[in-house]
**Q** 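Would you mind keeping the following structure in view while I ask a few things?
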Amino acid sequence: MNGYYLEERIRLFREKILAWFANHKRVFPWRQDNLSPYELIIAEILLQRTKAETVSTFYTQFLAEFPNWQALVNADSITIENYLIPIGLYRQRAQRLKKLAIYLVDNNGVLPLDRTELENVPFMGQYIANAVELLVFNKRKPLLDVNMARVLERYFGPRKLSDIRYDPYLQQLAKDFVDHPDSKFLNWAILDFAALVCKARKPSCLSCLLNSTCKFFSDVVQIHDAGIHFE
DNA sequence: AAACCGGGGTA
DNA sequence: TACCCAGGTTT
């Protein structure tokens, strides 16, 4: 597959995903305009390995209880843990939230613009660093999680390495996909598409607007796979 | 590269 | 029951 063909294929894919998003976007409290960096980062932390629908009801309560970094610094670690129990990963998240809060209070709430320094902030891995650059710094960065990875791999072909974060093919593909003035909306669009159509278990391939050009769909139809249940 | 964290939802 | 979820850290 040459570069020009792939570029055209990405462009088509992008247009169709955006068209779908216009009519099917999900509404979440962390997608509102004018959120503070605190509110944006808390959302990403709560969303780690946790369904967006689960976080949706919890998010507003959490912000009411802990409205800023200083509130987390002041709070007892056990208090934060207990508060996080309903959504899981509560010990890890409490400990890391605490460290991040201390860092940010010490730095007057300022996050480093330099990517290397940004990734050295406590609790700041590749994904959240991208989220900060996308949502706070308004850069074109992918929220490449398991869901975006699943959609890209089904449509364009599978990754080379097992870990998303170190696979140069997936990283480049995701980067190319969101390299567009509507980068933020493209990210939301593909995540919503992953959650509602290109689902992990029962993908809605039969009604999918991308099925005629989708690698996964054509492959599965071709071999008449009995293990996949379409909707 | 693989293990671990964790409760809730779903098939 | 087993699998999955807007990942990051440790080994």
Side-chain angles (χ1 to χ4, degrees), chain A residues 17 21 24-32 35 37 39-59 61-62 77-78 80-101 103 115-116 118-136 141-154 159-168 170-171 174-175 177-178 183-204 226-231:
Chain A
I17 290 278
F21 184 61
H24 299 88
K25 68 182 78 171
R26 295 183 293 176
V27 176
F28 293 122
W30 54 87
R31 288 187 178 179
Q32 295 172 310
L35 293 185
E39 292 169 313
L40 293 168
I41 293 168
I42 290 299
E44 298 306 327
I45 289 170
L46 297 183
L47 284 164
Q48 288 183 344
R49 304 296 297 162
T50 310
K51 282 192 170 68
E53 287 73 13
T54 304
V55 176
S56 192
T57 56
F58 185 81
Y59 177 69
Q61 304 170 34
F62 186 93
S77 289
I78 301 298
I80 302 174
E81 274 188 24
N82 287 335
Y83 207 84
L84 290 170
I85 285 177
I87 64 163
L89 296 173
Y90 55 93
R91 282 194 290 260
Q92 279 192 6
R93 273 198 269 230
Q95 186 188 5
R96 293 169 187 176
L97 270 171
K98 190 84 173 170
K99 285 185 184 172
L100 177 58
Y103 170 92
R115 173 69 187 210
T116 306
L118 185 59
E119 285 205 41
N120 284 334
V121 173
F123 207 168
M124 196 65 67
Q126 187 189 68
Y127 177 90
I128 297 189
N130 273 357
V132 167
E133 292 189 301
L134 175 75
L135 302 169
V136 180
K141 294 285 178 167
L143 302 175
L144 179 55
D145 69 330
V146 291
N147 301 295
M148 187 189 293
R150 181 178 64 251
V151 178
L152 292 176
E153 290 185 86
R154 281 179 177 168
R159 72 187 78 173
K160 319 297 180 195
L161 304 180
S162 61
D163 194 322
I164 294 169
R165 291 163 288 190
Y166 303 118
D167 187 320
L170 262 184
Q171 291 290 334
K175 194 173 172 228
F177 172 67
V178 302
S183 189
K184 181 173 77 170
F185 297 119
L186 280 165
N187 273 287
W188 290 350
I190 196 169
L191 290 177
D192 288 358
F193 187 78
L196 301 177
V197 179
C198 199
K199 294 170 288 188
R201 304 209 206 170
K202 288 175 66 179
S204 305
I228 303 291
H229 301 281
F230 293 122
E231 278 184 342

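Side chains included, hydrogens not; waters and symmetry mates left out as well; all remaining heavy atoms used. Chain letters run A, B, ... following the sequence lines, proteins first, then strands; residues in each count from 1.
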**Q** In Å, rounded to the nearest 0.5 Å, how long is the span from CG of N187(A) to CG of L134(A)?
**A**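 So the gap between those two atoms works out to 5.0 Å.
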
**Q** Between D192(A) and K25(A) (salt bridge meaning N to carboxylate O under 4.0 Å), is one present in this structure?
**A**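 A salt bridge is absent here (no side-chain N lies under 4.0 Å from a carboxylate O).
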
**Q** Hey, what's the ring geometry for F62(A) with F58(A), parallel, tilted or perpendicular (30° and 60° as the breaks)?
**A**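 Tilted: the ring planes of F62(A) and F58(A) meet at 30° to 60°.
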
**Q** Find the distance L161(A):CG to dA2(B):P and express it as a whole number of Å.
**A**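 In whole Å, dA2(B) P lies 11 Å from L161(A) CG.
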
**Q** Salt bridge check: are E133(A) and R115(A) linked by an N-O gap of less than 4.0 Å?
**A**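 Looking at R115(A) together with E133(A), the answer is yes, because their closest N to O distance falls below 4.0 Å.
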
**Q** Between dT10(C) and dG6(B), how many Å separate the two P atoms, rounded to a whole number?
**A**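 One P to the other, the span is 14 Å.
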
**Q** If the plane angle is over 60° it's perpendicular, under 30° parallel, otherwise tilted; pick one for F185(A) and F21(A).
**A**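 Aromatic pair F185(A)/F21(A) classed tilted.
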
**Q** Rounded to the nearest 0.5 Å, how far does CD of E44(A) lie from CE of M124(A)?
**A**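 Atom-to-atom, M124(A):CE and E44(A):CD are 10.5 Å apart.
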
**Q** Just checking I85(A): base, sugar-phosphate only, or nothing, at a heavy-atom cut-off of under 4.0 Å?
**A**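 Sugar-phosphate contact only - I85(A) comes under 4.0 Å of backbone atoms but never of a base.
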
**Q** I need a per-nucleotide contact map over nucleotides 4-11 of chain C, read 5' to 3'. Cutoff is protein heavy atoms under 4.0 Å; write B for the base, S for backbone only, - otherwise.
**A** BBBBBB--

**Q** Please report the distance separating the C1' of dA1(B) from the corresponding atom of dA6(C), rounded so that it comes out in whole Å.
**A**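 Pairwise C1' distance, dA1(B) against dA6(C), rounds to 24 Å.
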
